[in-house]
Amino acid sequence: MEENKNELELIHSKALEDVANVKTSEDLQNVRNEYLSKKSKLMSLMASMREMTKEQKAEFGQIINKIKTEIAEKVEAKKEELEAKALNAKLEKEVIDFTLPSRSYSKGSKHPFQMVVDEVSQIFIGMGYDIAEGPEVETDEYNFELLNVPKGHPARDMQDSFFINESLLMRSQTSPVQAHVMKAANGVGPIKIISPGKVYRRDDDATHSHQFGQIEGLVIDKNINMGNLLSTLQLFVKKMFGEKREVRLRSSYFPFTEPSVEYDVSCFNCGGKGCSLCKGTGWIEIGGAGMVHPNVLKMSGFDEKEYQGFAFGVGVDRIAMLKYGIDDIRKLYTNDKRFNKQFNRD
Ligand code: PHE
């Protein structure tokens with residue numbers, strides 16, 4: 001019994017020393033195994049109680065339990081100490097430095113195409129026009145037939161591009177919006193709209209893309225004449241390209257206008273003297289225009305004897321290219337932020 005007590009005391013003090021010396025959680029686990037597990041030295045001492053008297057058993061049992069509890073408490077305290085240390089170390093390592101500059105990112109900017117659309121829209125909104133929208137997937141009826149271009153008409157050839165099935169295509173021009181707006185008006189004017197949007201044709205070179213932009217203009221009212229069209233275009237090009245700019249009309253042909261014209265602006269680079277931008281002519285082509293054909297008025301529900309109208313188209317990409325000196329239209333559609341940024345530094 002005395003011998004056992006001595007051994008117990010030895011184990012006790014060694015255990016306390018070992019716990020105190022623990023540095024890591026693995027050490028702690030080892031210490032726990034050594035002194036508190038089923039195979040520990042304390043447990044083997046317990047086994048020796050079999051040979052003791054009842055009183056001795058009681059006394060020895062009590063001592064051994066006390067020691068076990070004490071070691072367990074010390075181990076638990078050590079565990080908490082180690083955990084607290086680990087947490088502090090982690091917090092110290094993860095300290096947030098609010099003075100660090102944030103990671104930089106590059107901000108996008110308005111696309112030159114959209115800059116032109118916005119500028120043109122603002123000018124016409126200022127003249128009292130509304131903005132109208134139309135679908136990019138269009139019916140043959142709206143893209144051609146209601147614009148006085150029946151099936152088999154030769155004027156289809158240059159626009160007859162991306163058909164989805166026999167009666168649906170990617171619209172080749174914004175002019176179908178004319179028919180949509182007129183039909184929605186139920187034969188009652190006035191109408192004054194512009195309609196910016198994407199159009200699609202089977203084209204692909206430095207100045208033609210299979211996707212490009214147009215802005216359609218349409219005015220329908222009573223007593224509308226060619227003079228109204230000319231003065232509208234004059235006001236537009238002066239606001240868009242400068243007060244000194246002039247408009248030139250050249251006769252042309254579109255099935256949905258009669259008479260039809262193409263309109264040019266005096267070169268905003270050389271003022272009309274002739275330069276590389278206007279290819280020496282002094283004029284830059286902007287788009288097509290004309291008086292709305294009576295058939296078109298009639299087909300979309302307007303009394304062609306009561307109402308007249310004019311329509312015009314603006315080539316968005318062309319203006320963007322000329323204005324910003326872009327040499328290849330395809331650059332407008334490559335989504336390169338470095339390219340877009342050059343035109344807009346906001
Ligand atoms: N839609 C014609 C084109 O794409 C342009 C145009 C619009 C002509 C309006 C006359 C009137 O070529």
Side-chain angles (χ1 to χ4, degrees), residues 116-117 120-121 124 129 131-136 138-150 153-162 169-182 191-203 207-221 224-233 236-237 247-265 284-297 299-300 302 304 307-319 329:
V116 171
V117 168
V120 175
S121 300
F124 281 100
Y129 284 62
I131 308 276
E133 277 184 14
E136 287 179 26
E138 190 52 280
T139 58
D140 187 276
E141 185 189 9
Y142 277 84
N143 196 79
F144 291 125
E145 283 165 43
L146 289 171
L147 295 173
N148 208 25
V149 190
H153 194 291
R156 283 189 177 221
D157 279 0
M158 52 181 214
Q159 294 198 10
D160 218 5
S161 301
F162 296 117
L169 73 157
M170 301 303 290
R171 68 176 178 190
S172 60
Q173 50 187 349
T174 46
S175 300
V177 182
Q178 292 187 28
H180 283 293
V181 174
M182 278 190 262
I191 291 173
K192 241 175 129 177
I193 59 103
I194 60 159
S195 184
K198 301 241 168 64
V199 301
Y200 304 86
R201 286 185 203 176
R202 203 188 49 225
D203 277 332
T207 53
H208 297 89
S209 161
H210 65 278
Q211 174 196 300
F212 58 104
Q214 289 187 338
I215 301 172
E216 193 79 9
L218 176 71
V219 171
I220 306 278
D221 207 348
I224 296 289
N225 59 49
M226 199 81 182
N228 300 132
L229 169 62
L230 180 59
S231 58
T232 301
L233 294 176
F236 163 55
V237 302
V247 171
R248 177 175 79 171
L249 302 183
R250 283 178 289 115
S251 79
S252 183
Y253 172 75
F254 299 101
F256 37 92
T257 46
E258 181 60 37
S260 300
V261 293
E262 273 169 87
Y263 64 101
D264 305 333
V265 56
I284 286 174
E285 186 188 326
I286 303 292
M291 299 305 292
V292 178
H293 196 290
N295 286 352
V296 173
L297 283 166
M299 280 188 281
S300 286
F302 271 81
E304 80 281 11
Y307 282 99
Q308 304 79 41
F310 64 77
F312 56 89
V314 179
V316 176
D317 308 70
R318 244 186 93 68
I319 292 181
I329 190 172

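In each ligand, atom 1 is the first atom listed, and ligand 1 is the first ligand listed.
- The number of heavy atoms from other shown groups lying within 6.0 Å of CD (Glu136) is above 12.
- Residue-to-ligand polar distances keep Glu216 apart from ligand 1: every N/O pair is separated by 3.5 Å or more.
- The shortest separation from a heavy atom of Ser175 to ligand 1 is under 4.0 Å, placing the residue in contact.
- Using a 30° and 60° split on the angle between ring planes, Tyr253 and His153 fall in the parallel class, below 30°.
- Near Gln214, meaning under 4.0 Å from any of its heavy atoms, are these atoms of ligand 1: 3 (C), 4 (O).
- In this comparison of Phe310, Phe254, Tyr253, the heavy atom closest to atom 12 (O) of ligand 1 sits on Phe254.
- Remark: ligand 1 atoms within the under-4.0 Å shell around heavy atoms of Arg201 are 3 (C), 4 (O), 12 (O).
- Side chain of Arg201 to backbone of Ser172: a donor-acceptor contact under 3.5 angstrom is found.
- Atoms of ligand 1 lying under 4.0 Å from at least one heavy atom of Gly313, given by number and element, are 7 (C), 9 (C).
- Panel note: side chain Ser300, backbone Leu297; no donor-acceptor pair is recorded below 3.5 Å.
- How far CD of Gln214 is from CZ of Arg171: 8.0 Å, rounded to the nearest 0.5 Å.
- By the 3.5 Å distance cut-off applied to N or O atoms, Ser172 is not counted among the residues near ligand 1.
- With a 4.0 Å cut-off on non-hydrogen atoms, Phe256 touches ligand 1 through its side chain and not its backbone.
- Less than 4.0 angstrom separates some heavy atom of Ala289 from each of these atoms of ligand 1: 8 (C), 10 (C), 11 (C).
- Using cut-offs of 30° and 60° on the angle between ring planes, the pair Phe162 and His210 is perpendicular.
- Across all non-hydrogen atoms, the minimal contact from Ala132 to Ser195 is O-OG, 2.7 Å.
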